[in-house]
Amino acid sequence: MSSIELRQALLTRLGRFPEHVPLEPVFSSSVDEGDYTRIALTYTVEHSERVPAWLLIPKGGAPQGGWPAILAIHQHAGQFELGKSEPAGVAGDPMYFYGQELCRRGYIVLCPDQLCFEDRRPSEEERQAHFALNGMNYERFEFTKRLLSDSNLQAKYLHDLSCGLDLLSSLPDVNRSRLGAIGHSLGGQETLWLTWYDERVRASVSSCGFGLLRTILRDNINHNFAAYIPGMLEIGDMDALVASLAPRPFMLTAGEHDPLFPIDGVRALAKHAQQAYSQAGVPDHFQALIFPAGHSFPSNVKTEAYAFLDRWLQDT
């Protein structure tokens, strides 16, 4: 199956996407972080639905052509109270402050909340009153209700993240030809899907974000609800998705002992992708870094990931 045929087949299975509406961004408070400014904002993704986000902007004058920009997508970890604030370096585990760290390397960075996380949850009063609106139950509710209207949670995430790219592209100091994405775990999964879906993503890094679905099913592993696309295995697996990204630069990292992604599936996926990039004449545009640890994004791996983004978004 060609990349064009794969794309059409997947879009059919993803079903109905939300309608695009004007972003109408509202910038509110800002915090001086010394070498960058952190700004709170919201923007519209659907009628009556706004996404809260942190925008990180380096200090100093923008380079000629504008700053490169990154969409930093947060992880899942069952921590529904935490979303945008972790990659932005405001709360959570410093291992996952990758949005903050990339801003300090010279990127404008947008860290949005995904649906069901942090400020995109029902109010505390609603969560206490309704069991279905709390934690993973709310994630399941958002997933299942979309199945009833020929859609799914992945289509919703892709729409919202694409709106995040719209927001970055609207900023006067952003170089629109140098947009990237990064994420860990759920964020890594969505980085892959967004890179596939939106060609504005010029280079991206997925940390511990995916493996072969057939090995995940083989080993009886549950994943987040957005990982499941109706009928996807009838047309291909995640290796086909990665291979179809060629020639755009893409890096995946994976822990050898990650319990969420069987390593044999990750290695097979990486091998297939490397062949596709080699056939496209750009073997160096793909990189798979498998490291001897679990589900994590350790500093030495982040160093290589950031260097990969720098190469394709800053050095060329």
Checklist entry - Yes or no on salt bridge (charged side-chain N to carboxylate O under 4.0 Å, His left out) for Asp264 and Arg218, after CA distance, side-chain angles and deciding distance? => result CA-CA 12 Å; Asp264 62 327; Arg218 179 198 68 196; 2.8 Å; yes
Checklist entry - Checking side-chain contact (heavy atoms from CB on, under 4.5 Å) for the pair Leu252/Leu289: CA distance, chi angles, key distance, verdict? => result CA-CA 6 Å; Leu252 69 86; Leu289 175 56; over 6 Å; no
Next on the checklist: Apply side chain to side chain donor-acceptor pair (under 3.5 Å) to residues Glu86 and Gln75 and explain how you reach the verdict.
Outcome noted: CA-CA 8 Å; Glu86 189 163 56; Gln75 65 168 331; 2.9 Å; yes
Next on the checklist: Under the criterion side chain to side chain donor-acceptor pair (under 3.5 Å), I'd like the reasoning laid out for Ser30 against Thr37: C-alpha separation, chi angles, the key distance, then a yes or no.
Outcome noted: CA-CA 7 Å; Ser30 65; Thr37 301; over 6 Å; no
Checklist entry - When you look at Leu158 and Leu14, which way does the side-chain contact (heavy atoms from CB on, under 4.5 Å) test go after all the steps? => result CA-CA 10 Å; Leu158 284 173; Leu14 284 165; 4.1 Å; yes
Checklist entry - Does the side-chain contact (heavy atoms from CB on, under 4.5 Å) test come out yes or no for Leu171 and Trp67, once each step is laid out? => result CA-CA 10 Å; Leu171 301 175; Trp67 296 104; over 6 Å; no
Next on the checklist: Using side-chain contact (heavy atoms from CB on, under 4.5 Å), reason through Leu115 and Tyr138 one step at a time and then give a plain yes or no.
Outcome noted: CA-CA 10 Å; Leu115 182 61; Tyr138 181 54; 4.2 Å; yes
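Aromatic rings from Tyr197 and Phe17 are positioned such that their centres are separated by under 6.0 Å. Under the 6.0 Å cut-off for aromatic ring centres, His223 and Phe261 qualify, their centroids lying closer than that. If you look at His184 and His295, their ring centroids are closer than 6.0 Å.
Between Ile182 and Tyr306 there is a side-chain heavy-atom pair separated by less than 4.5 Å. Under the 4.5 Å side-chain criterion, counting only non-hydrogen atoms from C-beta, Leu41 is not in contact with Ser28. Here the side chains of Leu55 and Arg38 are not in contact, with every heavy-atom distance at 4.5 Å or above. Put simply, the side chain of Ile70 does not reach to within 4.5 Å of the side chain of Leu110, judged on heavy atoms. Between Arg267 and Glu256, the closest side-chain pair of non-hydrogen atoms falls below 4.5 Å. The closest side-chain heavy-atom distance from Ser296 to Asp258 is not below 4.5 Å. Leu71 is listed as a side-chain neighbour of Leu161, based on a closest heavy-atom distance under 4.5 Å. Annotation: side chain of Tyr36 is not in contact with side chain of Ile108 (no heavy-atom distance under 4.5 Å).
Lys59 and Asp32 are joined by a salt bridge, as a carboxylate oxygen and a charged side-chain nitrogen come within less than 4.0 angstrom of each other. Ion pairing of Glu118 with Arg121 is absent here, as no side-chain N (NZ or NE/NH1/NH2) approaches a carboxylate O to less than 4.0 Å. Ion pair Glu49/Arg120 flagged as a salt bridge, since at least one NZ, NE, NH1 or NH2 atom sits closer than 4.0 Å to an Asp/Glu carboxylate oxygen. In summary, Lys156 and Glu46 engage in a salt bridge, as defined by a charged side-chain N under 4.0 Å from a carboxylate O. Using a 4.0 Å cut-off between charged side-chain N and carboxylate O, Arg50 and Asp113 make no salt bridge. For the pair Arg200 and Asp166, the salt-bridge criterion is met [side-chain N within less than 4.0 Å of a carboxylate O]. Between Glu142 and Arg146 there is a salt bridge, with a side-chain nitrogen of the basic residue lying less than 4.0 Å from a carboxylate oxygen of the acidic one. For Arg214 and Asp237, the salt-bridge test passes: some basic side-chain N is under 4.0 Å from an acidic carboxylate O. Classification of Arg104 and Glu33 as a salt-bridged pair fails, no side-chain N sitting under 4.0 Å from a carboxylate O.
Heavy atoms only, all atoms of each residue included: Gln287 and Glu304 are closest at NE2-OE1, 3.5 Å. Among all heavy-atom pairs drawn from Ser206 and Gly188, the shortest one is OG-O, 2.9 Å. Considering every non-hydrogen atom in both Pro262 and Ile216, the closest pair reads CD-CG1, 4.0 Å. Closest approach of Gln189 to Ala227, counting heavy atoms only: OE1-CB, 3.4 Å. When all heavy atoms of Val266 and Ala254 are compared, the closest pair comes out as CG1-CB, 3.7 Å. Minimum interatomic distance between Val51 and Pro112 (heavy atoms only, all atoms of both residues): CG1-CB, 3.9 Å.
Within the 3.5 Å criterion, the main-chain N or O of Gly187 finds a donor-acceptor partner in the side chain of Thr191. Between the side chain of Asp93 and the backbone N or O of Tyr96 there is no donor-acceptor pair closer than 3.5 Å. The backbone N or O of Ile221 sits nowhere less than 3.5 Å from a side-chain atom of Asp219 that would complete a donor-acceptor pair. Under the 3.5 Å distance criterion, the side-chain polar atoms of Ser162 are left unmatched by any main-chain donor or acceptor of His159. At least one donor-acceptor pair closer than 3.5 Å links the side chain of Gln274 to the backbone N or O of Pro283. Side-chain N or O atoms of Arg248 include none that pairs as donor or acceptor with a backbone N or O of Arg202 at under 3.5 Å. Side-chain atoms of His74 never come within 3.5 Å of backbone atoms of Ser85 as a donor-acceptor pair (strictly under, hydrogens ignored). Between the Gln314 side chain and the Arg105 main chain, a donor and an acceptor come within less than 3.5 Å of each other. Between the Glu24 side chain and the Thr44 main chain, no donor and acceptor come within less than 3.5 Å of each other. Side-chain atoms of Tyr107 come within 3.5 Å of backbone atoms of Asp310 as a donor-acceptor pair (strictly under, hydrogens ignored).
Note on Leu245 and Leu269: same hydrophobic cluster, where clusters join Ile, Leu, Val, Met, Phe, Trp and Tyr whose side-chain heavy atoms are under 4.5 Å apart, directly or indirectly. Leu82 and Val90 are not part of a single hydrophobic cluster, where members link through side-chain heavy atoms under 4.5 Å apart. Leu241 and Leu11 fall within a single hydrophobic cluster, where Ile, Leu, Val, Met, Phe, Trp and Tyr are joined by side-chain heavy atoms under 4.5 Å apart, directly or via other members. The cluster map of Ile, Leu, Val, Met, Phe, Trp and Tyr, joined by side-chain heavy atoms under 4.5 Å apart, puts Phe117 and Ile73 in different clusters. Phe143 and Leu186 end up in the same hydrophobic cluster when Ile, Leu, Val, Met, Phe, Trp and Tyr side chains are linked at under 4.5 Å.
Exactly one of Trp312, Phe308, Phe250 qualifies for a ring pair (Phe, Tyr, Trp, His ring centres under 6.0 Å) with His285. That residue is Trp312.
The local environment of CZ in Phe141 is sparse, with at most 12 non-hydrogen atoms from other residues, nucleotides or ligands closer than 6.0 Å. In this structure, Ile4 places its CD1 atom where only 12 or fewer heavy-atom neighbours from other residues, nucleotides or ligands lie under 6.0 Å away. In the displayed structure, Arg140 atom CZ is contacted under 6.0 Å by at most 12 heavy atoms of other residues, nucleotides or ligands.
Taking the six-membered ring where the residue is Trp, His76 and Phe80 present perpendicular rings, their angle passing 60° and hence far from 30°.
For the atom pair Leu167 CG and Leu23 CG, the distance stands at 6.0 Å (nearest 0.5 Å).
The stretch residues 123-139 participates, sequence neighbours left out, in no salt bridge (Lys or Arg N to Asp or Glu O under 4.0 Å) pair at all.
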